[in-house]
Amino acid sequence: MSVFSDQRIIDFIGTNFIPVATDINKSVHRRDEDGDFFRKIAEQGHYAGRTKPTNTRQGLYVALADGQLLASINSNSADSVLAMMREAVVNLKKTRTAGSPDFKHPFTPDRRYAFPFPADGMILRVTCRDFPRPKDPKHETWRHNFDNVWLTKKEKRSLAPPEPKTAKVGDRYKIPSTVVARIAKFHLIDHVRGEAPAWQPESVRIAGAKAKVVGVSRNSLNLQLTGRVKVVESLNRGTNSANGAAGDSELGVDLRLAGKMKWSIDRETFTAFDWLAYGDRWGTAPYNFRHDDLENNPFGITLNLLPTIPANMTEPKYLSHYYFK
Amino acid sequence: MDSGSISRSVSSCAIVWLTVLVNVCAAQSASDNASINSALKSKGLSTKQFEQLTNFIRPSNTEDKWRQTDWIPSIRGGRKMGVAKNKPLFIWAMNGDPLGCV
């Protein structure tokens with residue numbers, strides 16, 4: 001299980017620290033105050049100066065707001081992380097702060113990493129996980145991963161019937177293949193054992209879905225979705241970072257889509273939205289741990305509606321990869 | 001019967017019940033897995049199958065305890081809070097957003 005499934009870790013953080021989450025793919029490159037701060041503490045930490053086998057600065061850091069590092073680690077062991085946090089508390093008592101940082105000046109974020117949420121858009125939470133395997137009852141299914149989908153107002157609208165006010169039970173309509181393909185390209189990906197790249201557009205072989213009206217009330221429509229997505233990609237992107245094997249094998253997913261949605265006619269938005277993609281995945285990618293698990297095996301992805309509040313606006317993983325095009 | 005015998009009897013009884021419970025759980029799990037695999041083969045899912053598969057994928061309340069914490073998604077925001085509350089920052093830094101895909 002992950003470090004953050006250990007209640008001792010959660011309790012210790014809550015009692016002693018201010019919890020901050022950051023994506024180092026951005027933090028180490030940002031040309032702004034946040035980037036300067038992260039680089040400063042990372043270069044005092046466990047991977048300071050490291051360039052091989054990778055130059056990652058991934059890990060857990062305890063630091064003062066002025067940039068002094070108290071302790072750090074990159075570990076999957078809850079006991080080791082707990083020891084690091086206790087060391088940080090001990091070091092805190094021995095440390096003199098360099099004075100409170102000045103936050104009166106305006107923060108100018110690096111524009112390369114500033115992506116506003118689309119006006120009147122929609123957020124879907126993506127969760128992926130392996131299903132049990134009939135041929136391997138001991139296969140572990142606890143690993144899972146997340147992402148967020150951001151849909152524009154226009155895309156959101158395209159998932160509802162064209163004429164909601166006159167829709168009746170039994171009406172069928174096609175979901176635009178461009179929308180299904182964009183969701184597939186950026187989100188119907190096997191991230192269960194670590195990150196995999198977004199699919200190349202030409203790798204998306206099938207991306208089709210249709211929906212039908214299954215219930216009508218005065219202000220809302222109940223909708224049901226079916227569809228299929230198949231993606232096959234021949235990856236040639238160097239070696240797998242976990243085992244050094246050549247990363248030029250094929251990987252892909254072949255998934256059926258099923259879904260239930262509720263469209264509010266008055267509000268012109270979804271009030272419920274649950275999609276499921278289920279089927280097979282195969283192959284590995286440069287930065288994940290599927291290199292020992294290349295065969296077709298069952299896995300699934302859920303996409304469910306999140307309220308469009310700032311706390312839910314974690315950016316989609318591939319937001320900076322021409323995400324809306 | 002002395003207290004030691006009673007204690008041993010209770011222990012034996014507990015072990016028997018624990019064994020039964022473990023076997024029942026294992027059987028239940030195997031049954032659930034068979035049911036999931038059956039759903040995966042079907043071209044159209046019933047409502048029950050849809051719920052079963054989605055519930056299997058989504059984390060339970062006992063998984064992902066990190067979600068109990070109100071993580072601050074910006075370093076500057078965290079630093080300001082650290083100064084205000086006179087506490088160090090705990091920075092969870094991943095290849096990918098820890099609150100999203102890593």
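Here is the naming used below: chain letters follow the sequence lines, and residue numbers restart at 1 for every chain.
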Undergrad: A quick test of your reading: do over 12 heavy atoms of other residues, nucleotides or ligands sit less than 6.0 Å from CG of Asp136(A)?
TA: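 Buried by this count: over 12 neighbours within 6.0 Å.
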Undergrad: Who among Asp130(A), Thr302(A), Ile9(A) has the most heavy-atom pairs with chain B under 4.5 Å?
TA: Thr302(A)
Undergrad: Are any side-chain N or O atoms of Asn37(B) and backbone N or O atoms of Pro132(A), one a donor and one an acceptor, separated by less than 3.5 Å?
TA: yes
Undergrad: Show your working on salt bridge (charged side-chain N to carboxylate O under 4.0 Å, His left out) between Glu63(B) and Arg129(A) and close with a plain yes or no.
TA: CA-CA 13 Å; Glu63(B) 290 180 288; Arg129(A) 188 190 293 263; 3.0 Å; yes
Undergrad: To the nearest 0.5 Å, what is the distance between CG on Asp97(B) and CG on Asn25(A)?
TA: 10.0 Å
Undergrad: Using a 4.5 angstrom heavy-atom cutoff, name the option from Pro137(A), Gly300(A), Pro134(A) with the most pairs to chain B.
TA: Pro134(A)
Undergrad: To the closest 0.5 Å, what do you measure between CZ (Phe107(A)) and NZ (Lys80(B))?
TA: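 Interatomic distance, Phe107(A) CZ to Lys80(B) NZ, rounded to 0.5 Å: 10.0 Å.
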Undergrad: Can you tell me how far the CG atom of Asp23(A) sits from the CG atom of Leu99(B), to the nearest 0.5 Å?
TA: 10.0 Å
Undergrad: Would the Tyr61(A) and Trp92(B) ring centres measure less than 6.0 Å apart?
TA: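 No, ring centres 6.0 Å or more apart.
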Undergrad: Heavy-atom cut-off 4.5 Å, strictly under: side chain, backbone, both or neither for Arg228(A) against chain B?
TA: neither
Undergrad: Is there a side-chain contact (heavy atoms from CB on, under 4.5 Å) between Trp66(B) and Val3(A)? Walk through the geometry before answering.
TA: CA-CA 9 Å; Trp66(B) 59 269; Val3(A) 165; over 6 Å; no
Undergrad: Please flag which part of Ile189(A) lies under 4.5 Å from any non-hydrogen atom of chain B: side chain, backbone, both or neither.
TA: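 Neither part.
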Undergrad: In Å and rounded to the nearest 0.5 Å, what is the CG to NZ distance from Asn16(A) to Lys87(B)?
TA: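 Taking CG in Asn16(A) and NZ in Lys87(B), the distance rounds to 7.0 Å.
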Undergrad: Who are the salt bridge (Lys or Arg N to Asp or Glu O under 4.0 Å) partners of Arg86(A), not counting sequence neighbours?
TA: none
Undergrad: Can you list every pair that meets salt bridge (Lys or Arg N to Asp or Glu O under 4.0 Å) and has a residue in residues 44-57 of chain B, with sequence neighbours left out?
TA: Lys260(A)-Glu51(B)
Undergrad: When only heavy atoms count and the cut-off is under 4.5 Å, which of residues 309-319 of chain A reach chain B?
TA: Thr314(A), Lys317(A)
Undergrad: Please classify the contact of Ile24(A) with chain B as side chain, backbone, both or neither, using a heavy-atom distance under 4.5 Å.
TA: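 For Ile24(A), the contact with chain B is made by backbone and side chain together.
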Undergrad: Atom SG in Cys128(A), atom CZ in Arg58(B): separation rounded to 0.5 Å?
TA: 13.0 Å
Undergrad: Test Asp274(A) against Thr54(B) for side-chain contact (heavy atoms from CB on, under 4.5 Å), laying out the working first.
TA: CA-CA 9 Å; Asp274(A) 287 294; Thr54(B) 53; 5.7 Å; no
Undergrad: Give, as side chain, backbone, both or neither, the part of Ile13(A) having an atom under 4.5 angstrom from any heavy atom of chain B.
TA: side chain
Undergrad: Tell me, side chain or backbone of Phe131(A) under 4.5 Å from chain B's heavy atoms, or both, or neither?
TA: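 Interface part for Phe131(A): both.
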Undergrad: Pick one of side chain, backbone, both or neither for Ile36(B), based on which atoms fall under 4.5 Å of a heavy atom in chain A.
TA: side chain
Undergrad: For the residue pair Phe50(B) and Trp275(A), is the inter-centroid distance of their aromatic rings smaller than 6.0 Å?
TA: no
Undergrad: Name the option with the most non-hydrogen atom pairs under 4.5 Å to chain A; the candidates are Pro73(B), Gly44(B), Pro98(B).
TA: Pro98(B)
Undergrad: I'd like to verify something: which residue of Pro88(B), Gly100(B), Pro59(B) has the highest number of heavy-atom pairs under 4.5 Å with chain A?
TA: Pro88(B)
Undergrad: Heavy-atom distance under 4.5 Å to chain A: side chain of Ala39(B), backbone, both or neither?
TA: backbone
Undergrad: Take Val102(B) and Asn145(A) through the side-chain contact (heavy atoms from CB on, under 4.5 Å) test and state the conclusion after the steps.
TA: CA-CA 7 Å; Val102(B) 295; Asn145(A) 209 337; 4.1 Å; yes
Undergrad: Counting only non-hydrogen atoms closer than 4.5 Å, does Ser38(B) touch chain A with its backbone (N, CA, C, O), its side chain (CB onward), both, or neither?
TA: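 Answer is neither: Ser38(B) stays 4.5 Å or more from chain A.
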Undergrad: Working note: Val83(B) + Phe103(A), criterion side-chain contact (heavy atoms from CB on, under 4.5 Å); need CA distance, chi angles, decisive distance, verdict.
TA: CA-CA 10 Å; Val83(B) 169; Phe103(A) 295 117; 3.9 Å; yes
Undergrad: What part of Leu92(A) lies closer than 4.5 angstrom to a heavy atom of chain B: side chain, backbone, both or neither?
TA: side chain
Undergrad: Between Asp34(A) (side chain only) and Arg76(B) (backbone N and O only), is there a donor and an acceptor less than 3.5 Å apart?
TA: yes
Undergrad: Can you check whether Met94(B)'s main-chain N or O pairs, donor with acceptor, with Gln58(A)'s side chain at less than 3.5 Å?
TA: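 No: the side chain of Gln58(A) does not pair with the backbone of Met94(B).
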Undergrad: Non-hydrogen atoms of chain B under 4.5 Å away: do they reach the side chain of Thr95(A), the backbone, both or neither?
TA: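 For Thr95(A), no heavy atom lies under 4.5 Å from chain B.
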Undergrad: Which of parallel (below 30°), tilted (30 to 60°) and perpendicular (above 60°) describes Phe17(A) and Phe90(B)?
TA: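 Geometry flag for Phe90(B) against Phe17(A): parallel rings.
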Undergrad: Given that the side chain runs from C-beta out, which part of Asp64(B) has a heavy atom under 4.5 Å from chain A: side chain, backbone, both or neither?
TA: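 When you check distances to chain A, atoms from both the backbone and side chain of Asp64(B) fall under 4.5 Å.
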Undergrad: Please indicate whether Lys26(A) has more than 12 foreign heavy atoms, meaning atoms of other residues, nucleotides or ligands, lying under 6.0 Å from its NZ.
TA: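 Counting neighbours around NZ of Lys26(A), more than 12 heavy atoms of other residues, nucleotides or ligands fall under 6.0 Å, so yes.
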Undergrad: Calculate, to the nearest 0.5 Å, the distance between atoms OG1 and CD1 belonging to Thr69(B) and Ile10(A) respectively.
TA: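 That separation rounds to 4.5 Å.
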Undergrad: With a 4.5 angstrom heavy-atom cut-off, could you sort out which part of Thr226(A) is near chain B: side chain, backbone, both or neither?
TA: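 Neither part.
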Undergrad: Which one, Asp147(A), Thr22(A), Asn148(A), leads in non-hydrogen pairs under 4.5 Å with chain B?
TA: Thr22(A)
Undergrad: Keeping to residues at least two apart or across chains, list the salt bridge (Lys or Arg N to Asp or Glu O under 4.0 Å) pairs with something in residues 3-16 of chain A.
TA: Asp6(A)-Arg8(A), Arg8(A)-Asp79(A)
